[in-house]
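Please read the structure below before turning to the comments.
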Amino acid sequence: MSVVVQKYGGTSVGDVERIKNVANRIIRRKEAGNELVVVVSAMGKSTDELMQMAHSITDTPKVRELDMLLATGEQVSISMLSMALQSKGCDAISFTGAQIGMRTIGKHGKSRILDIDTKRIQSALDEGKVVIVAGFQGVNENDDITTLGRGGSDTSAVALAAALGCPCEIYTDVDGIYGIDPRRYPDARKLSSVSCDEMLEMASLGAGVMHARAIELGSKYGIEIRVASSMDEIPGTAIKKDMPDSERPVTGLAVDEDESIVTLNGVPYTTQTTARLFSAVAAEGINIDMISQTPQREGTVNLSFSAPTAEIPDLREVLSRYREEFPYKNSHIDENIVKLSVVGSGMRNQSGVALQFFRNFREAKIPVLMITTSDIRISCVIPKEDADKAVELVSRSFGL
Ligand code: ADP
Ligand code: ASP
Ligand code: MG
């Protein structure tokens, strides 16, 4: 019998009725002849609620304790789903990350999966059970519970599929991947397939439908990933590793509302400065994206870069250490921005895409504060207040 990993997100297991619906889907699939390993997220918005609970005790909860708390959300849903299956006569067993040896490395709150010991899963499958696994969590070298970053259950699922050598089906509250978040732009078109490269860019640039690391793992291990609805049987979107470049210049648009721009003015210019700053930032596991630097004037430069807003407290700490070494004049953090990106493998061999993109901003008089590009994306930073207008114009201009 062939194994398949399925993953159901928070909304899909948001209440008892939905858990029963997921149980019915699992049973139908098992009856069709598959062995199932099912990864689930915490019910509904319970991870947000747990986070609020932590912050009602202290503004600065220790990350170890936060992981301990957040991981309980998934423990609720795995046991509920397992009970729902058992009550319908389907043998099932739930496991936490620790129980299946989901070993992680890295910092609490953004750990990465190192290894999974599939022995326990395999023997439960051999006994004919449906295996239910808590997404989003693992254990580190100290046996402490860790989490993989918000949205990380997708990554748990793809990592399990890689360890078991099987396909991965992601079930969520939309019926596939669209050129742009259909809640943001209701006219968006659904994609029947998308390349790993494009999806990785879209996920990293704010398309919250998939956790970026899940795509990275899927691409590395050649896992077949399909994203579809947990509510109906419509075929979703296949994320494929080997796909010819698209004929359309742009496949998707993503908006990242959780980025800020950090500017340091009057940084002493030496060959060391930027390297030292960015190595200190990297050592904290902070991901920065856009970087710009003014030409040197009187021995100093102004340096700007974008970083996730959630990382700003850690970043402030790095900046104050850096200031001791390279005393800069002042710093400024702007949180009122968004990063808007268009992604498409088709732009590799088509000209005029940047012109078509930026013309929208010029015509609507939207200031573009920063720009970066790769061979398959163009990103720019604009004021938050202009985001909706820009999304509408760019989506229409590329027919997304
Ligand atoms: P889950 O809880 O199932 O993991 P998420 O909320 O993480 O669900 O992801 C699904 C959501 O992603 C959708 O409700 C949709 O609003 C959003 N989304 C963002 N970008 C896209 C896109 N390009 N295509 C489809 N959905 C998207
Ligand atoms: N429950 C976690 C979150 O809300 C993980 C996930 O949903 O993938 O971020
Ligand atoms: Mg998700």
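For the single chain, residues carry numbers from 1 onward in sequence order. Order of appearance sets the numbers: ligands from 1, and atoms from 1 within every ligand. Being a predicted model, the structure only gives us computed values, none of them experimental.
Considering both main-chain and side-chain atoms, Gly10 comes within under 3.5 Å of ligand 1 through a nitrogen or oxygen pair. On a distance-only criterion, Ser12 and ligand 1 share no N/O pair closer than 3.5 Å.
Regarding atom 21 (C) of ligand 1, its nearest protein heavy-atom neighbour is Asp181 CA, 3.5 Å. Scanning all protein heavy atoms for the shortest distance to atom 1 (P) of ligand 1 gives Thr172 OG1, 3.5 Å. Looking from atom 13 (C) of ligand 1 to the surrounding protein, the closest heavy atom is Asp173 OD1, 3.4 Å.
Panel note: side chain Ser345, backbone Ser246; a donor-acceptor pair is recorded below 3.5 Å.
The cationic group of Arg323 lies under 6.0 Å from the six-membered ring centre of Tyr328 and within 45° of the ring axis, placing it in a cation-pi geometry. In this structure, Arg25 is positioned above the aromatic face of Tyr171, its NZ or CZ under 6.0 Å from the six-membered ring centre and within 45° of the axis.
Proximity of atom 6 (O) of ligand 1 to the protein is not indicated, since no non-hydrogen protein atom lies closer than 4.0 angstrom.
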Enumerate donor-acceptor pairs with a distance under 3.5 Å from any side-chain N or O in residues 6-14 to protein atoms, sequence neighbours excluded.
from: Gln6; atom 1: OE1; to: Tyr8; atom 2: OH; distance (Å): 2.8
from: Gln6; atom 1: NE2; to: Glu169; atom 2: OE1; distance (Å): 3.1
from: Lys7; atom 1: NZ; to: Asp154; atom 2: OD1; distance (Å): 2.7
from: Thr11; atom 1: OG1; to: Asp173; atom 2: OD2; distance (Å): 3.3
from: Ser12; atom 1: OG; to: Ser230; atom 2: OG; distance (Å): 2.8

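The shortest heavy-atom distance from Ala188 to ligand 1 is not under 4.0 Å. Judged by the shortest distance from any of its heavy atoms, Pro182 lies inside the 4.0 Å radius around the atoms of ligand 1. Heavy-atom distances between Lys7 and ligand 1 reach below 4.0 Å in at least one pair. Contact between Gly151 and ligand 1 is absent, with no heavy atom of the residue lying under 4.0 Å from the ligand.
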Inset, instruction - Output, in order, the C-alpha distance, side-chain angles, deciding distance and verdict of side chain to side chain donor-acceptor pair (under 3.5 Å) for Ser195 and Glu198. - result: CA-CA 5 Å; Ser195 73; Glu198 289 171 316; 3.2 Å; yes
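Ligand 2 lies under 4.0 Å from heavy atoms of Ser41, Ala42, Thr47, Glu74, Phe136, Arg150, Gly151, Gly152, Ser153.
Within the model, atoms CD1 of Ile337 and CD1 of Ile382 stand 9.5 Å from one another, a figure rounded to the nearest 0.5 Å.
Contact record, Ser77 with Val40: OG-CG2, 3.9 Å, taken as the closest heavy-atom pair.
For atom 26 (N) of ligand 1, the choice among Val209, Thr11, Leu191, Ile177 with the nearest heavy atom turns out to be Val209.
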